[in-house]
Amino acid sequence: MAQDLSEIEDKITESGAWQTLSDFLGLHINIGKDISISIFDILIIITVIFVTTIALRIVLKIMTRKVPEENKGKFGVVYGYFRWLVYIIILLITLNSVGVNVTAVFAASAALLIGIGLALQTLFQDIISGVFILIDQSVHVGDIIEIDGKVGRVDEIKLRTTRAVTIDNKVLIIPNHLYLENSLYNWTQNGTTTRENVEVGVAYGSDVQLVKKLLLQAANANKSVLSDPEPGVVFTNFGDSSLDFKVSFTLADSFKAQFPKSEIRFEIDRLFREHNVSIPFPQRDIHIIQK
């Protein structure tokens, strides 16, 4: 029985159809002087790319399962860049495995790849930072952020940039790589309310209890100040020219904090004038020694 099977295999191998197929699969295509690839190698490459595509789709589903639905489209763009990078790496590895001299490919494209890499360095930094923002959810649309001394309300988060609007209604475009290079202050991550303060100095000899009363009165009189938690006054320092105080209060909209803070300063000035509490100028004692 085994001898019969061996004879059948020999006949199939010797048949013209099998020989034709073997010759076709072994047919080599020359690309330049140093690169030669067979039809069989091409079939292997196509199979590997197909398997890689399936694997990448599985990885994408795993990575985006916790990403909000509205951000999955943005993440898909990053997946597109990553997918082509993986394809190139897998292709080169496969070519090397089937015996193609990939050194010639690297030599021909090295200068081009270096130039492209340098040109796209910042772009890739922005994109990678954008991916981190989408995954860890450190910044959301509507958050008030402060970065590099600039404050704005986040209007849109893209892969390369974050778009924010300042209090002056100016559009602030923030490259996402700045999140990795600078400290980011998210004013509203813990809620929409923030604790603000106004500082003021009064002359030495002033009634400090009266000053505390007037500062609390000025804060409580402002309609933007929340009653809970209630405002408080801190005696911060014995300054060079003044007794320094700070009145702290809570606002519901910190993005527009400069307006209620300005109103409170106006009210403090009015109350101080009404109760004869003076805000001193900086003072220096000069001693002249004559010899």
Side-chain angles (χ1 to χ4, degrees), residues 136-155 162 164-170 172 174 178-287:
D136 64 17
Q137 297 292 293
S138 58
V139 178
H140 300 81
V141 173
D143 285 353
I144 299 172
I145 61 172
E146 178 182 351
I147 184 170
D148 198 21
K150 301 178 179 63
V151 179
R153 190 191 300 273
V154 176
D155 184 63
T162 296
V165 181
T166 67
I167 188 63
D168 302 319
N169 201 31
K170 298 176 181 177
L172 182 63
I174 306 171
L178 292 180
Y179 291 114
L180 301 179
E181 299 176 358
N182 297 273
S183 297
L184 171 68
Y185 297 94
N186 192 328
W187 290 10
T188 53
Q189 189 172 42
N190 291 331
T192 58
T193 61
T194 56
R195 195 71 171 171
E196 305 291 339
N197 59 77
V198 170
E199 297 181 359
V200 64
V202 299
Y204 274 90
S206 301
D207 185 345
V208 293
Q209 293 301 324
L210 176 61
V211 171
K212 178 180 178 180
K213 176 183 175 181
L214 297 178
L215 291 176
L216 290 174
Q217 182 179 337
N220 287 316
N222 192 281
K223 60 183 181 181
S224 299
V225 174
L226 301 180
S227 57
D228 186 23
E230 62 183 13
V233 173
V234 178
F235 191 159
T236 58
N237 194 25
F238 292 95
D240 293 338
S241 305
S242 62
L243 303 174
D244 299 328
F245 291 83
K246 178 173 68 175
V247 55
S248 301
F249 46 88
T250 303
L251 298 177
D253 187 0
S254 58
F255 188 57
K256 298 181 179 180
Q258 63 175 338
F259 299 112
K261 289 169 73 172
S262 175
E263 294 169 358
I264 290 173
R265 290 189 182 98
F266 276 116
E267 183 65 11
I268 290 173
D269 181 72
R270 187 189 70 81
L271 291 173
F272 279 9
R273 291 177 183 273
E274 184 178 314
H275 292 83
N276 296 319
V277 177
S278 61
I279 300 176
F281 294 102
Q283 300 175 13
R284 296 289 185 273
D285 293 332
I286 300 177
H287 300 275

Once rounded to the nearest 0.5 Å, what's the spacing between atom [atom1] of [X] and atom [atom2] of [Y]?
X: Glu196; Y: Lys246; atom1: CD; atom2: NZ; value: 11.0 Å
X: Ser278; Y: Phe272; atom1: OG; atom2: CZ; value: 9.5 Å
X: Ser206; Y: Leu243; atom1: OG; atom2: CG; value: 6.5 Å
X: Glu267; Y: Leu214; atom1: CD; atom2: CG; value: 9.5 Å

> Hey, which of Ile145, Leu172, Thr166 is the one that makes side-chain contact (heavy atoms from CB on, under 4.5 Å) with Lys150?
Replying inline: Leu172

>> Among Val154, Thr194, Val151, exactly one meets side-chain contact (heavy atoms from CB on, under 4.5 Å) together with Ile144. Which residue is that?
In response: Val151

If I compare all heavy atoms of [X] with all of [Y], which pair ends up nearest, and what's the gap?
X: Pro260; Y: Ser224; answer: CB-CB, 3.8 Å
X: Leu226; Y: Pro231; answer: O-CD, 4.3 Å
X: Thr250; Y: Pro229; answer: OG1-CG, 3.3 Å
X: Ile264; Y: Ala219; answer: CD1-CA, 4.3 Å
X: Gly142; Y: Arg153; answer: O-CG, 3.6 Å

Answer yes or no: is there a side-chain heavy-atom contact under 4.5 Å between [X] and [Y]?
X: Phe245; Y: Thr236; answer: no
X: Asp244; Y: Phe238; answer: no
X: Lys256; Y: Ile167; answer: yes

Residue [X] excluded, over 12 heavy atoms near [atom1] under 6.0 Å:
X: Tyr185; atom1: OH; value: no
X: Lys212; atom1: NZ; value: no
X: Phe235; atom1: CZ; value: yes

> Does the distance from a Lys or Arg side-chain N to an Asp or Glu carboxylate O, for Asp269 and Arg273, drop under 4.0 Å?
Replying inline: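 Salt bridge present between Asp269 and Arg273.
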
>> Show, in sequence, the C-alpha distance, side-chain angles and deciding distance for Arg195 and Ser248, and conclude whether the side chain to side chain donor-acceptor pair (under 3.5 Å) test is met.
In response: CA-CA 7 Å; Arg195 195 71 171 171; Ser248 301; 4.8 Å; no

